[in-house]
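All heavy atoms count here, side chains included; hydrogens, waters and symmetry mates do not.
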Amino acid sequence: MTDIMSLIDNMSIHYTIPQGIDELGLNCHHLDHTMEYGDAWHPAARLTLKDTPMGITWKHAAASALLALGLLHILFGLARFHPTLSAAWHEGLANRFGTDDGRRLAFWFIAFGAPLTLCGHLALRAAAANDLATLGLIGLYGCAIGAAGIVAFPQSPLWGLLAVSIVLVAVGRGWLV
């Protein structure tokens with residue numbers, strides 16, 4: 001018995017228990033998980049996870065994809081419309097985007113990336129909080145915008161937004177975990 005107590009005391013000095021580990025049987029999904037401490041497996045070290053370990057889930061993947069779409073929209077717009085933006089900048093920027101269709105396109109293309117990025121950030125926060133209703137709502141809005149854009153312009157890249165939004169709706173309804 002003394003050996004077990006000295007082993008436990010030694011473990012408490014050299015090892016920390018990861019966050020989410022609790023006593024056996026309290027709100028656990030996994031039973032009888034044993035943690036390895038050093039070279040020895042010991043029954044005194046049996047602890048269980050309170051929640052399942054964080055892995056890649058549909059909600060996190062879709063939220064991250066939405067954030068990436070927003071950021072890529074802005075970056076692609078800056079690269080694609082660099083000459084147009086540079087010309088407007090050198091002309092003083094103010095009231096320089098209503099002069100022709102190319103400048104309006106550049107402005108609105110980049111401007112659309114900002115709310116898309118915001119929705120991605122909100123979706124990541126909702127995924128972290130396991131707020132499926134908010135993820136579903138963000139997905140519904142994305143589906144509406146994506147579908148309307150595809151009807152108006154079938155060759156557009158809004159198919160990506162529609163695909164990510166469908167996944168968000170499915171996560172929000174509990175169809176994907």
Side-chain angles (χ1 to χ4, degrees), residues 17-22 25-33 35 47-86 88-89 93 96-98 100-177:
I17 297 173
Q19 185 177 15
I21 303 292
D22 204 346
L26 295 177
N27 299 324
C28 64
H29 297 287
H30 302 96
L31 297 175
D32 201 33
H33 279 274
M35 298 201 61
L47 302 169
T48 58
L49 298 175
K50 240 180 155 173
D51 295 316
T52 55
M54 173 67 183
I56 296 176
T57 60
W58 282 104
K59 64 184 175 185
H60 290 96
S64 298
L66 186 59
L67 176 63
L69 279 174
L71 293 173
L72 288 173
H73 210 277
I74 293 169
L75 293 174
F76 179 79
L78 291 172
R80 164 69 175 85
F81 298 109
H82 183 269
T84 304
L85 296 170
S86 181
W89 178 265
L93 202 63
R96 296 296 174 218
F97 289 93
D100 64 42
D101 287 341
R103 287 189 177 188
R104 280 191 288 274
L105 175 63
F107 174 81
W108 286 111
F109 189 92
I110 295 169
F112 182 72
L116 196 56
T117 303
L118 172 66
C119 287
H121 279 286
L122 292 174
L124 281 173
R125 291 182 61 89
N130 203 29
D131 184 357
L132 300 182
T134 300
L135 288 173
L137 187 61
I138 292 169
L140 283 175
Y141 279 100
C143 282
I145 293 167
I150 290 167
V151 167
F153 183 50
Q155 303 293 332
S156 75
L158 285 167
W159 289 98
L161 175 61
L162 184 62
V164 169
S165 298
I166 289 171
V167 173
L168 285 170
V169 169
V171 166
R173 302 295 260 161
W175 301 331
L176 290 174
V177 180

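Rounding to the nearest 0.5 Å gives a distance of 12.5 Å between CG of L132 and CG of L137. Separating the OG1 atom in T134 from the CG atom in L122 is a distance of 8.5 Å, to the nearest 0.5 Å. Taking CG of N130 as the start and NZ of K59 as the end, the distance is 3.5 Å to the nearest 0.5 Å. The CZ atom of R173 sits 14.0 Å away from atom CG of L168, with the distance rounded to the nearest 0.5 Å. The CG atom of L78 sits 4.5 Å away from atom CD1 of I110, with the distance rounded to the nearest 0.5 Å. How far OG1 of T84 is from CG of L105: 8.5 Å, rounded to the nearest 0.5 Å.
Of the possible donor and acceptor atoms, none in the side chain of R103 sits under 3.5 Å from a partner among the backbone N and O of G98. Remark: side-chain polar atoms of W159 are paired, donor with acceptor, to backbone N or O of P154 under 3.5 angstrom.
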Might you work through the side chain to side chain contact (heavy atoms under 4.5 Å, CB included) test for F153 and L158, ending with a clear yes or no?
CA-CA 9 Å; F153 183 50; L158 285 167; over 6 Å; no
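Here the closest heavy-atom approach between residue A106 and residue L85 is recorded as CB-CD2, 4.4 Å. Taking each heavy atom of G149 and S156 in turn, the nearest pair found is O-OG, 4.1 Å. Of all heavy-atom pairs spanning A147 and L162, the tightest one is N-CD1, 4.3 Å. Of all heavy-atom pairs spanning W58 and V177, the tightest one is CD1-O, 3.0 Å. For the pair S165 and G139, the tightest heavy-atom approach, listed with the atom from each and the gap, is CB-O, 3.3 Å.
Checking L135, I138, V164, L140 one by one against V169, the side chain to side chain contact (heavy atoms under 4.5 Å, CB included) holds for a single residue, L140.
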Side chains of residues 62-76: which donor-acceptor partners sit under 3.5 Å, not counting sequence neighbours?
from : atom 1 : to   : atom 2 : distance (Å)
S64  : OG     : H60  : O      : 2.8
H73  : ND1    : F109 : O      : 2.8

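The shortest side-chain heavy-atom distance between I145 and L116 does not fall under the 4.5 Å cut-off.
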